[in-house]
Amino acid sequence: MERYSPSKIEKKWQDYWEKEKVFKTEKDSKKPKFYCLDMFPYPSGEGLHVGHPRGYVATDTFSHFKRMKGYNVLHPMGWDAFGLPAENYAIKTGIHPKNTVEENIKHFKKQLKSIGFSYDWEREINTTDKEYYKWTQWIFLQLFKKGLAYEDTRPINWCPSCKTGLANEEVVNGLCDRCSAKVEKKDIRQWVLKITAYADRLLEDLEELNWPEPIKEMQRNWIGRSEGAVIRFSVSRTPFTVEVFTTRTDTLFGATFLVLAPEHFLVKKIMEGEVEVENKKEIEKYIKEARKKSELERTDLAKEKTGVEIKGIKAVNPANKEEIPVWVADYVLGFYGKGSIMSVPAHDERDYEMAEKHGLEVRKVIEGGEIPFTGEGKMVNSGKFSGMSSEEGREKVLEELEKEKKGKRAVNYKLGDWVFSRQRYWGEPIPLVHCKECGIVPLEEKDLPLDLPETERYEPTGTGESPLAGIESFVNTECPKCKGKGKRETNTMPQWAGSCWYYLAFIMKGDSKSLNFPASLYKESFKKWLPVDLYVGGAEHAVLHLLYARFWHKFLYDIGVVFTKEPFLELKNQGLIMGEGGIKMSKSKGNVISPDEVIKRDGADVLRLYEMFLGGFEDRVSWSEDGVNGMKRFLEKVGETAKKTGKQEPSREIKTLLHKTIKKVTEDLESFKFNTAISSLMILNNEMKKLEEVPKGIFSDFIKLLAPFAPHFAEELWEKIGGEPSVLKQPWPKFDKELAKEEEVTVVVQINGKARDTLKMPAGADEKDVKKKALQSKKVKKWTKEEKIKKIIFLKDKLINFVV
RNA sequence: GCCGGGGUGGCGGAAUUGGUAGACGCGAGAGACUUAAAAUCUUUUGGGGUUAAAAACCCCUUGCGGGUUCGAGUCCCGCCCCCGGCACCA
């Protein structure tokens with residue numbers, strides 16, 4: 001048997017596709033558009049492992065399918081190339097990140113090309129190109145001009161290892177998302193984006209998105225909207241009031257103490273001596289200790305509730321005018337709500353723990369269960385509200401508070417503003433100038449891009465300033481407004497900035513190679529191509545890239561740059577590919593499989609087929625080298641079938657199977673069930689192979705069905721049977737409903753629901769005929785001999801069930 | 001603790017949404033080819049029973065225990081386990 005030798009034919013067809021621009025997105029096309037996007041990669045030094053291309057293979061297969069179905073498909077690729085690895089490599093070796101990135105991109109591109117992806121490479125983008133990041137800077141400036149970017153010096157997350165500030169989204173369980181170092185709190189001057197202004201829209205518009213439910217849920221949780229009230233407690237012997245946020249106004253009568261976070265402003269006043277208390281030293285000591293704790297330690301649920309009473313002041317419960325003690329405790333978080341809470345130990349588990357530990361009063365105000373009881377019930381000990389249900393009381397107490405101006409309805413979010421500046425080198429410079437006369441002045445559009453300056457020293461300073469601060473020629477500039485002396489902002493943008501709008505750049509590239517200003521140039525193309533119809537990538541970006549990009553898109557919508565509310569209509573997450581035996585692939589375990597090896601040995605088509613055949617697209621799956629071999633055998637068998645093609649008229653049986661296969665493959669592709677689509681192609685091939693001669697018409701349709709999965713081999717076979725290339729430009733086969741139906745069907749005969757026999761019947765046979773034939777069967781007679789048939793259940797072309 | 005997703009042969013996984021459980025692939029067994037091996041081809045392959053053997057036949061089987069139904073992997077109730085995410089969010 002002739003060996004399947006992919007290396008020659010794959011190169012041949014890749015060259016053909018490139019030369020003939022087979023996959024170029026059409027500019028002025030009457031076809032309906034389809035925008036099919038991959039999450040673009042960070043071009044790391046290690047290159048691809050077999051897990052990466054899984055999503056790419058799926059979108060590529062899908063893009064081929066859509067093109068054959070008559071769509072004008074935009075399927076682009078680019079590089080998200082700013083980020084820490086290249087910079088850290090530069091620190092170690094002195095090689096400029098620009099050079100590393102260039103090398104890595106070359107390698108990645110070569111790898112992707114060897115898989116034969118149908119990207120329109122003319123639209124390739126790179127976030128570190130000046131013509132690209134001038135736009136990233138431009139969008140930042142628009143945010144600044146609308147007051148959505150502001151300077152702040154609140155304590156923020158600081159990674160001591162990366163020596164930079166981080167966004168909340170980049171802190172995972174108290175650890176740095178990049179390097180897993182313990183994140184600290186540090187006061188540094190930061191640029192912050194007001195993503196909270198979009199909280200409600202980011203939440204509401206999730207409804208209309210066709211995204212995996214877990215991702216939507218993660219975004220909902222991250223935004224963390226809760227409705228309740230802000231209640232004011234006056235503090236005795238001081239001019240201050242303490243505000244608390246609560247969702248349970250109905251438990252106000254049970255608030256027996258107040259707790260402040262160590263970061264609370266009143267605690268600061270005490271430390272500064274503005275408010276006199278009896279135990280300042282004790283409080284000071286407690287705060288110092290709390291500060292030392294990492295976020296991880298502070299939020300450890302198993303930890304005991306610690307705290308110190310602030311002696312000498314009392315708060316007044318606005319519900320019953322009772323004076324209650326005020327405590328400072330680190331279980332109350334400074335950054336959530338008002339940084340202070342009313343403590344209701346009878347109806348909150350954490351407050352209960354605190355009260356138990358420190359001997360504070362527990363007062364029951366809701367009936368319904370064992371203390372601490374957090375459910376709904378009848379209100380008691382609550383003055384005139386006693387007797388109401390907690391749901392009703394919640395509203396009534398709130399109304400009363402509003403009337404007396406002691407509180408107001410409020411919505412609180414867990415989502416915080418986005419800490420947007422980094423004290424690192426390899427990112428987009430922030431295009432602002434600090435001027436003594438004019439304050440903070442934005443650069444003008446014509447002065448963009450603000451180039452990232454050259455330097456020999458990439459080392460982060462650790463002082464809260466970026467390495468750019470040491471480059472005098474960069475820092476010292478003229479104020480764009482008064483032309484006096486100015487100093488440039490030296491922070492850079494985070495990793496996520498470039499990926500917030502890259503899907504727009506692919507559209508823009510179709511209009512102008514160099515991404516010129518102004519934005520209005522691209523109006524028509526944005527209208528035509530947005531939103532992205534299908535977006536595929538890993539689930540790890542749920543609250544990072546996917547949230548940030550939605551935020552920027554909504555902003556661009558507000559300022560009239562784009563015309564859809566959401567950027568990505570449908571999202572799919574590929575499941576992880578594990579090593580053999582379900583172990584995670586990693587360098588240290590030595591079980592990483594490179595697609596290069598598979599391609600070299602078995603070819604790109606085998607790699608593509610196997611990536612799609614291994615299991616459900618969104619499921620976690622394990623790689624198996626034996627399984628790869630199965631795909632190779634499949635293609636070899638297809639090659640054998642091809643040799644038997646002839647002019648013979650197809651039989652009804654093979655026609656029926658073909659049309660059933662067309663139906664199945666089409667439907668499976670539409671619902672991203674690649675594994676079962678491939679399996680039905682195998683079934684058809686197995687049947688064709690049994691024939692003496694394979695009718696050419698049948699086989700040519702089979703090639704078309706195979707083409708999106710194994711494009712190189714399909715092209716080769718298409719040429720061999722005399723087809724004009726490219727098979728990928730052929731229309732997708734249509735199935736004939738009538739032909740897809742079997743002429744003869746297998747009807748299951750059941751006795752009391754148990755299958756006892758099967759009958760071959762002509763399709764459409766009615767109950768009478770089926771019953772007659774069924775009762776002739778020996779097996780049926782055996783089971784119905786003694787008993788009477790009570791009931792017959794009949795399903796046309798499927799089953800007959802005798803109940804005896 | 002809360003929220004999502006799961007649990008089907010030796011393995012990866014199918015099952016038209018209530019209708020022959022185990023498609024397709026891998027692996028394994030037997031045979032053919034070969035000096036031999038690999039590759040390839042043919043064939044068997046959920047477990048058990050019955051049988052000298054085979055055909056045929058029967059029973060059991062989708063994490064566990066109940067239920068609804070003529071009929072349950074699929075629906076309902078109660079458990080157990082695994083994976084992912086969130087977690088002192090007031």
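In what follows, every chain begins at residue 1, and chains take the letters A, B, ... in the order their sequences are listed.
Residue Thr676(A) places its side chain closer to rA15(B) than to any other of rA90(B), rG85(B), rA15(B). Considering only the side chain of Phe613(A), rG25(B) comes nearest among rA23(B), rA90(B), rG25(B). The nucleotide whose nearest atom lies closest to any side-chain atom of Asn686(A) is, among rA14(B), rG25(B), rC41(B), rG25(B).
When Glu744(A), Glu738(A), Glu743(A) are each tested for a salt bridge (Lys or Arg N to Asp or Glu O under 4.0 Å) with Lys741(A), only one passes: Glu738(A).
Syn is the classification of rG9(B), since its glycosidic angle stays within 90° of 0. For rU40(B), the O4'-C1' to base torsion is more than 90° from 0; the nucleotide is therefore anti.
One finds no side-chain N or O of Asn752(A) lying less than 4.0 angstrom from the OP1 or OP2 phosphate oxygen of rU69(B). Phosphate contact (OP1/OP2 of rG27(B), side-chain N/O of Arg633(A), threshold under 4.0 Å): present. For rA90(B), the OP1/OP2 oxygens have a side-chain nitrogen or oxygen of Ser226(A) closer than 4.0 Å.
The CD-P distance, from Glu353(A) to rA87(B), rounds to 19 Å in whole Å. One atom, CH2 of Trp623(A), and another, P of rG25(B), lie 18 Å apart when rounded to the nearest Å. Spacing between atom CD1 of Ile751(A) and atom P of rC59(B) amounts to 12 Å, rounded to whole angstrom units.
When atom types are taken as modelled, the side chain of Asp797(A) and the backbone of Gly764(A) share a donor-acceptor pair closer than 3.5 angstrom.
Judged purely by distance below 3.5 Å, without hydrogens or angles, the side chains of Tyr548(A) and Glu169(A) pair a donor atom with an acceptor atom.
When Watson-Crick and G-U wobble pairs are counted only if both distances are under 3.5 Å, rU50(B) pairs with no nucleotide at all. Summarising the base pairing, rU17(B) is matched to no nucleotide, lacking a Watson-Crick or G-U wobble pair whose two defining distances lie under 3.5 Å.
We find that Glu207(A) and Arg220(A) are joined by a salt bridge, their nearest charged nitrogen and carboxylate oxygen being less than 4.0 Å apart.
Not a single donor-acceptor contact under 3.5 angstrom links the side-chain atoms of Glu217(A) to the base of rG85(B).
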